[in-house]
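Everything on this sheet refers to the single structure shown next.
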Amino acid sequence: MTTEERFLEAFAGSQEGHGKTTVTSSRRGRDGKAEAKSFVVRGPLTVDQVAQHLAGQQGFGAIPITRENMAKFGAIDIDQYDLDHNALIAKVRKYRLPVIPCRSKSGGAHLFVFLKDWVEARLLREYLGEMASALGYAKAEIFPKQDSILIEKGDVGNFIN
């Protein structure tokens with residue numbers, strides 16, 4: 001299995017859509033976030049898109065929630081751009097949290113959790129919310145962002161890069 005296929009398997013989620021993000025400049029907004037254009041693209045994320053993402057050619061994101069309102073991965077998105085990553089990692093280790101921390105494109109952090117089996121999105125959101133609170137980031141965004149989606153109304157959920 002290639003690296004790209006392993007990433008696609010780890011970030012399994014929506015087959016209805018995925019995200020695409022292009023950083024528009026090296027400028028940052030007043031909040032410190034990198035300026036970018038992001039939108040949902042209908043259709044599943046592909047191995048070729050994952051390869052482009054990993055090569056730094058084009059940003060793509062996965063939508064964790066499926067049409068059945070299940071998820072196999074999730075993330076805590078800490079949008080604090082002066083974040084002390086070493087202190088965050090020390091807290092993660094102290095509490096023995098099963099997350100993989102990554103620096104976000106704006107300098108914040110994404111704390112990813114990957115599961116062996118599918119679970120209800122609402123349960124994963126609750127679990128991630130508890131972890132975020134324990135770390136002192138109760139207001140952090142949680143992915144999946146929805147407990148459920150209405151696929152018949154065109155909902156696909158939100159993506160994370």
Side-chain angles (χ1 to χ4, degrees), residues 4-25 28-81 97-135 137-161:
E4 293 82 4
E5 290 168 333
R6 287 181 27 228
F7 265 78
L8 197 56
E9 185 177 298
F11 289 93
S14 176
Q15 293 297 301
E16 316 305 321
H18 62 277
K20 186 173 182 181
T21 298
T22 303
V23 176
T24 55
S25 73
R28 295 189 180 272
R30 289 190 305 194
D31 62 358
K33 191 166 182 129
E35 291 184 9
K37 181 178 178 184
S38 297
F39 52 93
V40 171
V41 177
R42 298 290 172 159
L45 193 58
T46 67
V47 170
D48 289 339
Q49 290 166 329
V50 171
Q52 290 176 45
H53 182 82
L54 294 176
Q57 297 166 341
Q58 176 63 59
F60 288 99
I63 299 172
I65 193 168
T66 67
R67 65 177 26 246
E68 296 85 11
N69 300 316
M70 303 294 279
K72 200 172 178 182
F73 86 92
I76 300 168
D77 182 5
I78 301 172
D79 287 333
Q80 181 180 327
Y81 308 119
L97 299 178
V99 298
I100 298 172
C102 299
R103 183 181 300 269
S104 70
K105 69 183 173 300
S106 298
H110 293 163
L111 303 177
F112 290 102
V113 63
F114 298 96
L115 307 173
K116 290 181 183 178
D117 298 310
W118 295 92
V119 299
E120 292 179 45
R122 68 175 182 81
L123 296 176
L124 181 54
R125 286 178 41 75
E126 183 178 314
Y127 179 60
L128 291 168
E130 289 172 3
M131 281 196 275
S133 291
L135 291 168
Y137 297 99
K139 294 186 179 186
E141 285 183 274
I142 302 296
F143 289 83
K145 285 194 77 150
Q146 298 83 8
D147 287 344
S148 62
I149 56 172
L150 299 172
I151 201 73
E152 63 278 3
K153 292 193 175 193
D155 291 351
V156 294
N158 293 70
F159 69 91
I160 185 165
N161 285 307

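In this structure, Tyr137 OH and Ile76 CD1 are separated by 11.0 Å, a value rounded to the nearest 0.5 Å. Distance check: Asp77 CG to Ser106 OG gives 9.0 Å after rounding to the nearest 0.5 Å. The structure places CD of Gln15 at 9.0 Å from CG of Leu45, a figure rounded to the nearest 0.5 Å. Atoms CD and CG, on Glu141 and Leu128 in that order, are 12.5 Å from each other to the nearest 0.5 Å. To the nearest 0.5 Å, atoms CZ (Arg122) and CD (Glu126) are separated by 7.5 Å. Leu97 CG to Met131 CE: the interatomic distance, rounded to the nearest 0.5 Å, is 6.0 Å.
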Given side chain to side chain donor-acceptor pair (under 3.5 Å), test Ser14 with Glu16 step by step and report yes or no. CA-CA 5 Å; Ser14 176; Glu16 316 305 321; 5.3 Å; no
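A pairwise comparison of heavy atoms in Ala121 and Ile65 identifies CB-CD1, 3.7 Å as the closest pair. Here the closest heavy-atom approach between residue Phe60 and residue Gln52 is recorded as CE1-OE1, 3.8 Å. For the residue pair Pro101 and Leu111, the shortest heavy atom distance occurs at CB-CD2, 3.4 Å.
Evaluation of the side-chain hydrogen bond (donor to acceptor under 3.5 Å, both in side chains) rule for Ser104 yields no partner, not counting sequence neighbours. In this view, Phe11 and Phe73, Phe112, Phe114 satisfy the ring-ring contact (aromatic ring centres under 6.0 Å, His included) rule, not counting sequence neighbours.
Proximity of Leu124 to Ile142: side-chain heavy atoms (C-beta onward) are nowhere separated by under 4.5 Å. In this structure, His53 and Gln58 have side chains that are not in contact, with every pair of non-hydrogen atoms separated by 4.5 Å or more.
Judged as a side chain to side chain donor-acceptor pair (under 3.5 Å), the pairs with a partner in residues 150-161 (not counting sequence neighbours) are, in order, Thr21-Asn161, Gln146-Asn158.
At least one donor-acceptor pair closer than 3.5 Å links the side chain of Thr66 to the backbone N or O of Glu68.
Exactly one of Val41, Val40, Thr46, Val50 qualifies for a side chain to side chain contact (heavy atoms under 4.5 Å, CB included) with His18. That residue is Val41.
A salt bridge between Asp147 and Arg125 is present, with a side-chain N of the basic residue lying under 4.0 Å from a carboxylate O of the acidic one.
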